[in-house]
Amino acid sequence: MQNRKIQKNQKKHIRQASGAALAVLLAGTVLTASGCGIPVLSSLGGGYIFKIGSEKCPERDAKVILMNYQKDYSSLYGIDLWQHEYEDGSSLEDYVKDLTASQLAEVYTLDIIAEEQELTLSEDETAQTEAAAKEYVEGLSEAEREYLGVGEGDVQELFERYLLAKKLYTSLTESVSSEVSDDEARVMDVKQIRVSDQKTAEAIASQLEGGADFAALAAEYNEAQATEIHVTRTTFDQEISDQLFALGNGAVSPVIAMDDAYYIFYCTNAFNEAMTQENKANVLTRRMEDAVNSAYASYTDQLQSELNEDVWSEVPVDTSLALEGASFMDIYEKYFGDFSQNDHAA
């Protein structure tokens, strides 16, 4: 039980750390951190973690981001959990190393797209990355400097990569309309009855046509975990969504076959105004993700990627570090704002 709780908390923290704006790219990145289906590199030699297109990620970049995640997790769970194995055989070290490789692959890919689109950093932005790198390196402990093996120039280059990736994201989404209508974001309140047998569903529908109380029938027959749910236009597929959003207050849907079961819905509120207003931010985020995915996918289909698994597997998470020095993402946010949140969505 404790193992599952830890894993659940891990995933919750990852969702929070990744944020809405760029998180979608992690799932579609051209490099899979596990290395499945990606040949081990022989041409790179030691010192490089992966190659995307013509870009190679040095081990030092990976260590900076890896140590950043290590700081996050150590403050959340305690250092002892680095030696803890979970029920599926994985470890916290495996988890953060996968996350590190995925995020760096995302950033490197976005930077390749930025270069193709001739997007660059301004002189002021470059000067800021220099200041950020200086502050980061000076804030490291002696042990952390030895573990990372980086100089200010190396860290500045990594800050430039992250800033350019965010700048590209902003460029790709700046034309996305921020106007979201009530109808597009509409949230409905409905009650549901789910049964696994079609004849039972049809019998329930007949009783409802005869005036039976929906709540009473739901209490007797519903196999779903909840009876009352909120529904948006993306909760179900388009065909089912169209049926539900055509219902008015007090209306009952026909029997709907879905997910190897049979559903009947009762509309208690066709327009939940408060939740609709909250959902507008989600709709806008999806629009921006779609805009970026469109450009991103066209590049990831063309780019060749390889993971240097031999090198990456040997990069350690040094649990002996006190982790009291500078945090890469904290300093990034100090100079450039939250990497995971796009300015257009703010």
Side-chain angles (χ1 to χ4, degrees), residues 12 14-28 106 110 113 117 119 165-194 208 214-215 218 224-259 261 263-300 337-346:
K12 178 181 179 182
I14 290 305
R15 287 195 296 270
Q16 292 171 341
S18 298
L22 293 177
V24 68
L25 298 179
L26 291 173
E106 167 202 324
L110 290 172
I113 300 173
Q117 296 193 3
L119 186 67
K166 182 178 180 181
K167 194 169 183 177
L168 174 72
Y169 193 98
T170 302
S171 173
L172 292 173
T173 58
E174 63 186 1
S175 62
V176 174
S177 173
S178 60
E179 294 297 321
V180 179
S181 69
D182 286 345
D183 189 56
E184 186 178 3
R186 182 155 64 104
V187 178
M188 295 177 64
D189 301 328
V190 302
K191 292 180 180 179
Q192 65 176 349
I193 298 175
R194 177 193 185 275
L208 289 170
F214 191 97
Q225 290 184 343
T227 297
E228 298 183 2
I229 61 173
H230 305 294
V231 177
T232 70
R233 291 193 177 275
T234 58
T235 303
F236 303 111
D237 63 31
Q238 186 66 50
E239 183 179 352
I240 295 170
S241 180
D242 289 344
Q243 291 185 67
L244 295 184
F245 277 81
L247 299 175
N249 291 342
V252 178
S253 75
V255 174
I256 297 174
M258 177 174 56
D259 300 331
Y263 290 78
I264 303 173
F265 296 95
Y266 173 82
C267 177
T268 56
N269 183 2
F271 180 67
N272 183 319
E273 185 172 0
M275 294 194 72
T276 295
Q277 296 307 313
E278 291 178 7
N279 190 42
K280 287 186 177 183
N282 298 328
V283 172
L284 181 55
T285 295
R286 283 196 299 273
R287 280 187 192 170
M288 292 191 295
E289 290 173 352
D290 289 343
V292 174
N293 273 338
S294 178
Y296 192 79
S298 66
Y299 282 88
T300 55
D338 189 350
F339 174 73
S340 65
Q341 299 296 330
N342 181 267
D343 294 334
H344 189 81

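Atoms considered below: every heavy atom in the structure, side chains included; atoms not considered: hydrogens, waters and symmetry mates. Bear in mind the structure is a predicted one, so any value in this text is a computation, not a measurement.
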Would you call [X] and [Y] a side-chain contact if the rule is heavy atoms closer than 4.5 Å?
{"X": "V292", "Y": "M288", "result": "no"}
{"X": "R233", "Y": "D183", "result": "yes"}
{"X": "M188", "Y": "T268", "result": "no"}

From [X] [atom1] over to [Y] [atom2], what is the distance, rounded to the nearest 0.5 angstrom?
{"X": "D182", "Y": "T276", "atom1": "CG", "atom2": "OG1", "result": "6.5 Å"}
{"X": "Y266", "Y": "L208", "atom1": "OH", "atom2": "CG", "result": "10.0 Å"}
{"X": "T232", "Y": "N282", "atom1": "OG1", "atom2": "CG", "result": "8.0 Å"}
{"X": "D338", "Y": "K166", "atom1": "CG", "atom2": "NZ", "result": "6.5 Å"}
{"X": "F214", "Y": "Q192", "atom1": "CZ", "atom2": "CD", "result": "8.0 Å"}
{"X": "T285", "Y": "K280", "atom1": "OG1", "atom2": "NZ", "result": "14.0 Å"}

[X]: which residues meet the salt bridge (charged side-chain N to carboxylate O under 4.0 Å, His left out) condition with it, sequence neighbours left out?
{"X": "K191", "result": "none"}
{"X": "D290", "result": "none"}
{"X": "E184", "result": "R287"}
{"X": "D237", "result": "none"}

- prompt: Around E273, counting heavy atoms of other residues, nucleotides and ligands shown, do more than 12 lie under 6.0 Å from its CD?
  reply: no

Under 3.5 Å, which donor-acceptor pairs do the side chains of residues 245-259 form with other protein atoms, sequence neighbours left out?
residue, atom, partner, partner atom, Å
N249, OD1, A270, N, 2.7
S253, OG, F265, N, 2.9

Identify the heavy atoms of [X] and [Y] that sit nearest to each other, and give their distance.
{"X": "V180", "Y": "A185", "value": "CG1-CB, 3.9 Å"}
{"X": "S177", "Y": "L284", "value": "O-CD1, 3.5 Å"}
{"X": "T227", "Y": "A218", "value": "CG2-CB, 3.8 Å"}

task: Tell me, please, which residues at least two apart from Q117 pass side-chain contact (heavy atoms from CB on, under 4.5 Å).
output: I113, L168, L172, Y299

